[in-house]
Amino acid sequence: MFSVTAYAVVSAILFGIGVFGAVARRHAVAVLISIELMLAAAALNFVSFSRLHPAQQAVSGQVFAIFIIAVAAAETLVALALVFSLHRSLKTAHLERFNLLKW
Amino acid sequence: MPGEIAFGVIVVLTLGAALAAVLSRNLLRSALALMFCLLGVAGLFLMQGAEFLSAVQLLVYVGGIAVLIVFAVALLERAGEPLAASLNKLVPAAVAVGAALTMLLVVGLWRSVIAESPPASPGVKDIGTALLNQYLVPFEALSVLLLAALVGALLIARDTGKEG
Amino acid sequence: MERLFIELKSSLIDLAAWFGVPAGWLPLLSAFLSAATIMAAAPVIMMYQTWFERKVVGRFQDRYGPNRVGPFGLFQPIADGVKALQKEDLVPAKADKLLHFLAPALVVVPTFMLFLFVPWGRGMVAADIDTGLLFFFAFAGLQAPIIVTAGWAPRNKFSVLGGLRAAAQVLSYGVPMAISAVAVVMAAGSLSSSAIVEAQGDNWFILTPWGAFAFVIFFVCVVAETKRTPFDMPEAESELVAGFHTEYSGLKFALFFMAEYMGSFAACMLATTLFLGGWSGPEFLPSWAIFMAKSGVLFFVMVWFRGTLPRLRIDQMLGLAWKFLFPLSLVTMVAEGLWYFLRTDGRMAGAILWPLAILAVSYWILSVVMMREFVRGNKPRGKQDAW
């Protein structure tokens, strides 16, 4: 099955799983993992649809996917630094406990 | 026929690993499942003829990002926090939102007519040329972004010596 | 003789086609045959690597190596295998059983895949894709998360620390390794290993000035990637017990051991491909024999390092990678650019000479500063970091 639709469907399902994880998980790193799933799904989508264009323009999809991967790396780095910093002050990384700003 | 089987196997691996990543109680298994899912996505890139991208995905995403996450989980465990990372009370809402989004996308895809053309697979040379000509500014901006992320992460995670 | 393996494989495929295998499945069969050959050959090569290493290290230490089991100790690896298999498989009570079981197997898989991308002979690359070299580095770096998992699975503080250190080592040395390989890719014009070998012909890249430097950097990085002495901090007996494979006994330990040796031979093969001209050599010898001989010579150099050099401390090791090899590899890459463009395209040289010169000078300044800092920072300190 090399149709673009098949790959796009896979990317949609992967994205849905990522959304579920991002909303329903308690631990900060688990939410980060779900966000990575969503980003991977988006990159897959870019590459699948780029195949529809002639070769000159098809390169854009792959270049975008490279950018997505690099930005995901930067984002993971900063997110993990934040998790560590929070863990050091609050001794936990469960998102429900980050409620110091509540009145 | 072998192409379809390979596709099916890789899709099962990817989606199964993704489910394991979001449902596992043990954070390290979750991180390892993420690694397998990204391996599967690299396989899907390879099946579409995007060889360079598949290698970059393996190098950066799996060999970089997944490593970062696994490092973080291993170090957090050291700090004494039990790794029970279960689901919170928003599970029904999460299932509803996730399922609705997925259904929307899948139905939209099945009902749309996407004109098939012969697959175009640009080579490494084309990607390199595009990166340095059309996409030069985003490329350079990306390096600045990575530098900023590195410095920022070091600053945020630095142990300043005082408690709290 | 030269095309022995190629002819063998194509006759097997013709046999399968004659037996009625549909044509769509034949490429899969071909891939399966290559993979099966590698899976059979690599462990045998690994077994005799261990024999070779023990004999040679023995001679360095003024003693015979193993010589009891079979003539010249040739059956020693088989005895070692039997010993490893019959040991009790201890799993710590608090360990994560699934990960403890999977980790050794997962470490070995990327190592097997490394053999797919090296040209074993003329026309004998198992997976001849355009970006083969990049995949090699991708699979070499794939070990890092698996090593951390292997260290974490037994839930033992020393094991976790050992895993983190080993993964940091693998990741840090991957960077100068990849950059010095980029210099080769620039000279050859392609990421495919067979194209790199063909681009060298008779002037191997090691014979050029930048090539000699790049080879030294690459080889040192490769020795460190595969965690061999003098970089075998992760598995030294006096450090953190045995590092990340402390809690693995019997067959699981044998799998880690196998991954290390196979990885080092695959890395020797890659160094041969990139710098020593791969399978090119005298016409009367088959190309695969020349290739194996060259890789064997490089492995001998690795064993020589092991018999001669003392071990580096973890901070010295990481400092060497980032403050010494990394700037040096950047300078080598720029030097290669200068060498290549100035020799082939005089007209273009004018246009890029200034940017290249500025780049070269800045990298040179960076290297000098970092290397001085490395040397000065390497003095014995009173208070060691926890790392």
Side-chain angles (χ1 to χ4, degrees), chain A residues 1-10 12-21 23-27 29-30 32-34 36-37 40 43-44 47-48 51-55 58-60 62-63 65-67 69-74 76-78 80-85 87 89 92-93 96, chain B residues 4 7 11 15 18-19 21-22 27 30-31 34 37-38 41 44-45 48 50 53 56-57 60-61 64-65 68-69 72-73 76 79 81 85-88 90-91 94-95 97-99 101-102 105-106 109 114 116-117 119-120 122 126-127 130-131 135 138 142 145-146 149 152-153 156-157 164:
Chain A
M1 296 213 277
F2 294 98
S3 71
V4 172
T5 317
Y7 289 102
V9 165
V10 170
I13 300 178
L14 194 59
F15 191 81
I17 296 177
V19 165
F20 167 73
V23 176
R25 294 276 276 183
R26 287 171 66 199
H27 199 276
V29 177
L32 181 64
I33 290 176
S34 315
E36 296 303 325
L37 286 177
L44 184 59
V47 174
S48 322
R51 283 198 309 150
L52 291 174
H53 297 278
V59 80
S60 305
Q62 297 196 25
V63 167
I66 292 178
F67 286 145
I69 293 175
V71 169
T76 304
L77 192 56
V78 175
L80 285 173
L82 284 171
V83 168
F84 266 114
S85 175
H87 191 278
S89 348
T92 179
E96 317 161 325
Chain B
E4 271 101 16
F7 180 76
V11 165
L15 296 178
L19 276 172
V22 300
L27 256 187
S30 207
L34 175 72
C37 176
L38 296 173
V41 172
L44 286 172
F45 284 152
Q48 297 184 304
L53 192 64
V56 165
Q57 158 97 354
V60 176
Y61 233 130
I65 298 177
L68 271 176
I69 296 181
V73 171
L76 280 178
E81 161 104 4
S86 46
L87 306 167
N88 61 17
L90 286 175
V91 172
V95 171
V97 169
L101 200 56
T102 309
L105 290 169
V106 170
L109 281 166
I114 301 182
E116 286 295 330
S117 49
D126 298 317
I127 298 179
L131 271 177
Y135 293 101
L142 194 62
L145 173 72
L146 284 169
I156 297 175

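If you're wondering where the values come from, they're calculated on a predicted model, not measured in any experiment. We name chains A, B, ... by the order of the sequence lines, and we start the count at 1 in each one.
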Peer 1: Looking only at heavy atoms, what is the nearest atom pair of B:A18 and A:I17, with distance?
Peer 2: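 Reported closest heavy-atom pair: O-CG2, 3.7 Å.
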
Peer 1: Using a 4.5 angstrom heavy-atom cutoff, name the option from A:A24, A:A72, A:A8, A:A73 with the most pairs to chain B.
Peer 2: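 Most heavy-atom pairs under 4.5 Å with chain B: A:A24.
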
Peer 1: Only one of B:V22, B:V97, B:L101 forms a side-chain contact (heavy atoms from CB on, under 4.5 Å) with A:F20, so which one is it?
Peer 2: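 Exactly one candidate clears the test, B:V22.
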
Peer 1: Can you name the closest pair of heavy atoms from A:L37 and B:A21 and give their distance?
Peer 2: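 Shortest heavy-atom separation between A:L37 and B:A21 comes out as CD1-CB, 4.5 Å.
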
Peer 1: Relative to chain B, which segment of A:V10 carries a heavy atom at a distance below 4.5 Å: side chain, backbone, both, or neither?
Peer 2: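 Both parts, heavy atoms under 4.5 Å.
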
Peer 1: I'd like to verify something: which residue of B:C37, B:S30, B:A99, B:G64 has the highest number of heavy-atom pairs under 4.5 Å with chain A?
Peer 2: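 Option with the greatest count: B:S30.
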
Peer 1: Side chains of B:I69 and A:E36: closer than 4.5 Å at any heavy-atom pair?
Peer 2: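 The answer is yes, as the side chains (C-beta and beyond) meet within the 4.5 Å cut-off.
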
Peer 1: Can you tell me which of B:V41, B:V106, B:V60, B:L34 forms the most heavy-atom pairs within a distance under 4.5 Å of chain A?
Peer 2: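 Top count of heavy-atom pairs under 4.5 Å with chain A: B:L34.
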
Peer 1: At a heavy-atom separation under 4.5 Å, does B:L68 approach chain A through its side chain, its backbone, both, or neither?
Peer 2: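 Both parts, heavy atoms under 4.5 Å.
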
Peer 1: Just to verify, what does B:L145 make a side-chain contact (heavy atoms from CB on, under 4.5 Å) with, not counting sequence neighbours?
Peer 2: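 Result, side-chain contact (heavy atoms from CB on, under 4.5 Å) vs B:L145: A:V71, A:A74, B:L142.
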
Peer 1: Give the member of A:L32, A:V29, A:L80, A:V83 that has the highest number of heavy-atom pairs under 4.5 Å with chain B.
Peer 2: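 Of the options given, most contacts go to A:L80.
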
Peer 1: Among A:S48, A:G18, A:A70, which residue has the highest count of heavy-atom pairs closer than 4.5 Å to chain B?
Peer 2: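 Maximum pair count with chain B is reached by A:S48.
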
Peer 1: Of all of A:V9, A:L14, A:I33, which one pairs up most often with chain B through heavy atoms under 4.5 Å apart?
Peer 2: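 Maximum pair count with chain B is reached by A:I33.
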
Peer 1: Between A:Q62 and B:F45, does the side-chain contact (heavy atoms from CB on, under 4.5 Å) criterion hold? Intermediate values first, please.
Peer 2: CA-CA 10 Å; A:Q62 297 196 25; B:F45 284 152; over 6 Å; no

Peer 1: So which of B:V11, B:T102, B:I65, B:L105 has the biggest tally of heavy-atom pairs under 4.5 Å with chain A?
Peer 2: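 The option with the most such pairs is B:I65.
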
Peer 1: Side chain, backbone, both or neither: which part of B:V95 has a heavy atom under 4.5 Å from chain A?
Peer 2: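 Both parts, backbone and side chain.
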
Peer 1: Which bit of A:V19 is near chain B, if near means a heavy-atom gap under 4.5 Å: side chain, backbone, both or neither?
Peer 2: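 Just its side chain gets close to chain B.
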
Peer 1: Between B:A94, B:A31, B:G152, B:G98, which residue shows the highest count of heavy-atom pairs closer than 4.5 Å to chain A?
Peer 2: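 Among the listed options, the one with the most contacts to chain A is B:A94.
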
Peer 1: Run the numbers on A:R25 and B:L27 for side-chain contact (heavy atoms from CB on, under 4.5 Å), then give the verdict.
Peer 2: CA-CA 11 Å; A:R25 294 276 276 183; B:L27 256 187; 4.2 Å; yes

Peer 1: Would you mind reporting whether B:L131 and A:F67 have side-chain heavy atoms less than 4.5 Å apart?
Peer 2: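 A side-chain contact under 4.5 Å exists here.
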
Peer 1: List the atom of A:V47, the atom of B:A50, and the distance in Å for their closest heavy-atom pair.
Peer 2: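 Answer, listing the atom of A:V47 first, then B:A50: CG1-CB, 4.1 Å.
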
Peer 1: Ignoring hydrogens, what is the shortest heavy-atom contact between A:R51 and B:Q48? Give both atom names and the distance.
Peer 2: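 For A:R51 and B:Q48, the tightest heavy-atom pair comes out as CD-O, 3.6 Å.
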
Peer 1: Search all heavy atoms of B:Y135 against all heavy atoms of A:S60 and return the closest pair with its distance.
Peer 2: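 It is OH-OG, 3.0 Å.
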
